[in-house]
> 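Once you've had a glance at the structure underneath, I'll fire off some questions.
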Amino acid sequence: AVFLGTHLFGATGSWQQSLAQRLCLVHDDVMSFLCQHATDVVARVALKPESKTVANLWHEESLPTESVLVSLAVATPNGKTGKKADELLQSLSALIDRPLRLGGKATVGRGRCQVTMAGGPR
């Protein structure tokens, strides 16, 4: 928790403390169960204006607000632009200087996230 808190939140002590108090590592089987049964799923309906009958039905899934997702950022030279791997990672670093929005539903505040890079060129 200390390692993750330092790399995720830098000098923000309150977030580091919150992570240390609430972090829970679970087995893959438990995580599979939680993904299937504990993810927020909202059924949405679009109505036909003239008849008020269902035009479309869909489901939206959302992660909890304070979810922490971890991934690798791998860069390979780009033949089309001629940029080298370290230049691509530097471009990525410039993009994540402020919070991002991924996916749709911007009007209802969905998809806002903070991306942090640990290690590699900056």
Side-chain angles (χ1 to χ4, degrees):
V2 172
F3 175 83
L4 286 176
T6 302
H7 286 83
L8 291 173
F9 307 119
T12 310
S14 61
W15 281 102
Q16 289 180 10
Q17 183 180 11
S18 179
L19 179 72
Q21 292 172 347
R22 299 167 53 191
L23 181 67
C24 178
L25 300 177
V26 296
H27 188 274
D28 286 348
D29 294 340
V30 174
M31 191 65 198
S32 293
F33 176 84
L34 292 173
C35 287
Q36 290 177 5
H37 301 287
T39 303
D40 186 26
V41 179
V42 178
R44 305 292 303 261
V45 178
L47 299 177
K48 296 177 188 173
E50 64 281 351
S51 63
K52 300 297 183 201
T53 58
V54 175
N56 193 11
L57 170 67
W58 71 97
H59 293 85
E60 295 177 357
E61 297 175 305
S62 301
L63 292 171
T65 301
E66 296 171 352
S67 295
V68 174
L69 305 177
V70 178
S71 181
L72 295 174
V74 178
T76 57
N78 186 325
K80 291 183 181 181
T81 64
K83 288 192 174 190
K84 297 179 181 175
D86 60 340
E87 294 173 307
L88 294 170
L89 287 173
Q90 288 173 352
S91 295
L92 177 61
S93 291
L95 288 172
I96 62 173
D97 282 345
R98 59 185 185 276
L100 301 174
R101 187 185 57 78
L102 303 175
K105 307 297 180 199
T107 57
V108 292
R110 302 255 174 94
R112 285 186 49 90
C113 65
Q114 179 66 45
V115 178
T116 304
M117 284 181 54
R122 292 217 161 205

> Between atom OG of Ser18 and atom CG of Leu23, what is the distance when rounded to the nearest 0.5 Å?
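It comes to 10.5 Å.
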> Kindly compute the distance separating CG (Leu95) from CD (Gln90), expressed to the nearest 0.5 Å.
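The CG atom of Leu95 sits 12.5 Å away from the CD atom of Gln90.
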> What's the shortest heavy-atom distance between Lys48 and Ala55, and which atoms?
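Looks like CG-CB, 3.5 Å.
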> Write down the atom of Ala85, the atom of Ala75, and the distance for their closest heavy-atom approach.
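So the minimum-distance heavy-atom pair works out to CB-O, 3.4 Å.
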> Do the non-hydrogen side-chain atoms of Met31 and Cys35 ever get within less than 4.5 Å of each other?
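When only atoms from C-beta onward are counted, Cys35 and Met31 do touch, with a gap below 4.5 Å.
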> Identify the two heavy atoms, one from Leu57 and one from Arg44, that lie closest to each other, and give their separation to 0.1 Å.
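Scanning both residues completely, I find the closest heavy atoms to be CD1-O, 3.3 Å.
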> In terms of hydrophobic clustering (I, L, V, M, F, W, Y; side-chain heavy atoms under 4.5 Å; direct or indirect links), are Leu100 and Leu89 co-clustered?
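Result: yes, single cluster for both.
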> Using every non-hydrogen atom in the two residues, find where Ser91 and Lys83 come nearest and quote the distance to one decimal.
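Looking at all heavy atoms of both residues, the closest pair is OG-NZ, 3.6 Å.
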> Among Val54, Leu47, Thr53, which residue satisfies the side chain to side chain contact (heavy atoms under 4.5 Å, CB included) criterion with Ser51?
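Checked Val54, Leu47, Thr53 against Ser51; only one passes side chain to side chain contact (heavy atoms under 4.5 Å, CB included): Thr53.
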> Could you report the tightest heavy-atom contact between Gly82 and Glu87, atom names first, then the distance?
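For Gly82 and Glu87, the tightest heavy-atom pair comes out as O-OE1, 4.2 Å.
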> Can you name the nearest heavy-atom pair linking Leu19 to Ala1, along with the distance?
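Between these two residues, the closest heavy atoms are CD2-O, 3.8 Å.
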> Please tell me whether Val115 and Leu92 are part of a single hydrophobic cluster in this structure, the criterion being side-chain heavy atoms less than 4.5 Å apart.
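Result: yes, single cluster for both.
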